[in-house]
2 protein chains.
Amino acid sequence: MGDCTEMLDSETKAVELPEDHAEELRLWLRLLTCTNLIEGEVRGRLRQRFDVTLPRFDLMAQLDKAPDGMTLSDVSKRMMVSNGNVTGLVERLVESGHLDRRTSETDRRVQVIRLTKLGRAEFRRMAAEHETWIADLFADLTPKDVRELMRLLAKTKASAQKSAASRRS
Amino acid sequence: MGDCTEMLDSETKAVELPEDHAEELRLWLRLLTCTNLIEGEVRGRLRQRFDVTLPRFDLMAQLDKAPDGMTLSDVSKRMMVSNGNVTGLVERLVESGHLDRRTSETDRRVQVIRLTKLGRAEFRRMAAEHETWIADLFADLTPKDVRELMRLLAKTKASAQKSAASRRS
DNA sequence: CCAAATTGCTTTAAGCCTAAAATGTTTTCC
DNA sequence: GGAAAACATTTTAGGCTTAAAGCAATTTGG
């Protein structure tokens, strides 16, 4: 009888036996723990050394890679955060003199933001140190580990994107 | 001359040449992207299906594993969030009838929280579905991929903890 | 050309989160 | 016993984040 139901399930996929997904769950929790650990550490160091928040640093990092500026939507997509979130972040960074914001000449809906001279200088200073923190946090991984992790995370990302997309369609 | 400086550096560790940590940086960004992608997806599904937030779900998950209850400090350590954060979360979950909070008999500083019957029932319902979402999001990984990721993430966690600890000492 | 849909951004309301200071409690140690 | 240290939690002030609604500008398709 056990064989019978198993065959039915594996051949027809009509029966939903309670499958065991404990391994995937544990993987997800470990991934989350890892990320939170590192993110918390980076957040703390940015605050202590430079009195800057992680979201601000991340936004400046995006702009550093785009000398011609970006629109708020671009930033929002790249950072994977909501539009309203970016609006607030940009507001505070313009206020503190790190960002320059201007309305596009060709489309008055669009706001183009850039790093100011101050913003770029400060970011470069922070980024240099940030890079050493990251290297330090990952120091015990061999080059091979790093390559393998990169590969597996790429696969994971693709898998998750596929699953997310199929739900929305 | 190149050989000379390289030897000096590798032997004495006294010279700090600008090393290249681009690989580690890319790894960190990919790790972050992956986690954010999955976390966002889970957050959205929890909200749509159950009108519950991820932090609330996470807190209930901790309590589900502790039938005898936990103190707020325990929860705060397990979830890797601040004390004040837990205070607020618990407040709202007690308010909504999912949690029971009482002061410890033996130590009046300590608050012990537990899932109520309602809280446990709702959590179990959500957790069952949550598990299938996770399985789905990781569906394209082979069992070998999963094992390998688990191993590499464990190594990463250990490395990061070591680095974080050494900074604080 | 013009109504309808889309797009880019902001606002709103609510909740999450942190670090630091404050409060009350218990333990330590002289 | 009693002061000092440690501990558990809450409060405070500020910033981050989201979803959803709203507004203005542009594009689309008759």
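Which of C/dG8, D/dT17, C/dC17 sits closest to the side chain of B/S82 comes down to C/dC17. Out of C/dT10, D/dC16, C/dG15, the shortest distance to the side chain of A/N85 is found at D/dC16. Among the nucleotides C/dC16, D/dT9, D/dG15, the one closest to any side-chain atom of B/L72 is D/dT9.
Using modelled atom types and a 3.5 Å distance limit, the side chains of A/N85 and A/S82 yield no donor-acceptor pair. Side-chain contact annotation: B/T106 with B/S104, donor-acceptor N/O pair under 3.5 Å present. There is a side-chain donor-acceptor pair under 3.5 Å between B/S163 and A/D136.
At whole-Å resolution of the value, CZ in A/R92 and P in C/dT10 are 13 Å apart. Note: CG (A/D58) to P (D/dG15) measures 18 Å, nearest angstrom. Distance CD (B/E41) to P (D/dT18): 14 Å, rounded to an integer number of Å. Rounded to an integer number of Å, the gap from A/R49 CZ to C/dA19 P is 18 Å. Between A/Q111 atom CD and D/dA24 atom P the separation is 14 Å, expressed in whole Å. Regarding B/L89, its CG atom lies at a distance of 15 Å from the C1' atom of D/dT9, rounded to whole Å. In this structure, A/N36 atom CG and C/dC17 atom P are separated by 9 Å, rounded to whole Å. Between B/E39 atom CD and D/dC16 atom P there is a gap of 18 Å when expressed in whole angstrom units.
Contact annotation for B/R43: no contact, since no heavy-atom pair falls under 4.0 Å across all strands. Contact annotation for B/M80: backbone-only contact, meaning every heavy-atom pair under 4.0 Å involves sugar-phosphate atoms and none involves a base. The residue B/S76 sits apart from the nucleic acid: no heavy atom pair falls under 4.0 Å. Nucleic acid contact class of A/T87 (heavy atoms, under 4.0 Å, all strands): base.
Judged by closest nucleotide on DNA chain C, A/N83 is the one of A/N83 and A/R47 placed further toward the 5' end. Nearer to the 5' terminus of DNA chain D, by closest-nucleotide assignment, is the contact made by A/V86 (compared with the other of A/V86 and A/E105). Between B/K77 and A/G88, the one whose closest nucleotide on DNA chain D sits nearer the 5' end is B/K77.
Between A/F123 and A/F57, a ring centre-to-centre spacing shorter than 6.0 Å is recorded.
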For nucleotides 21-25 of chain C, give me every protein contact, N/O to N/O, under 3.5 Å, one pair per line with atom names.
unit_1: C/dT25; atom_1: O2; unit_2: B/R109; atom_2: NH1; d: 3.4

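For B/R45, the CZ atom is densely surrounded, since the number of other residues' heavy atoms within 6.0 Å is greater than 12. Other residues, nucleotides and ligands contribute over 12 non-hydrogen atoms within 6.0 Å of the NZ atom of A/K155. Heavy atoms of other residues, nucleotides or ligands lying less than 6.0 angstrom from CZ of A/R101 number more than 12.
Taking side-chain N and O atoms only, A/S73 has a distance below 4.0 Å to OP1 or OP2 of C/dC9. Proximity of A/R101 to the phosphate of C/dC9: no side-chain N or O atom is located under 4.0 Å from OP1 or OP2.
A pairwise comparison of heavy atoms in A/L54 and A/E39 identifies CD2-CG, 3.4 Å as the closest pair.
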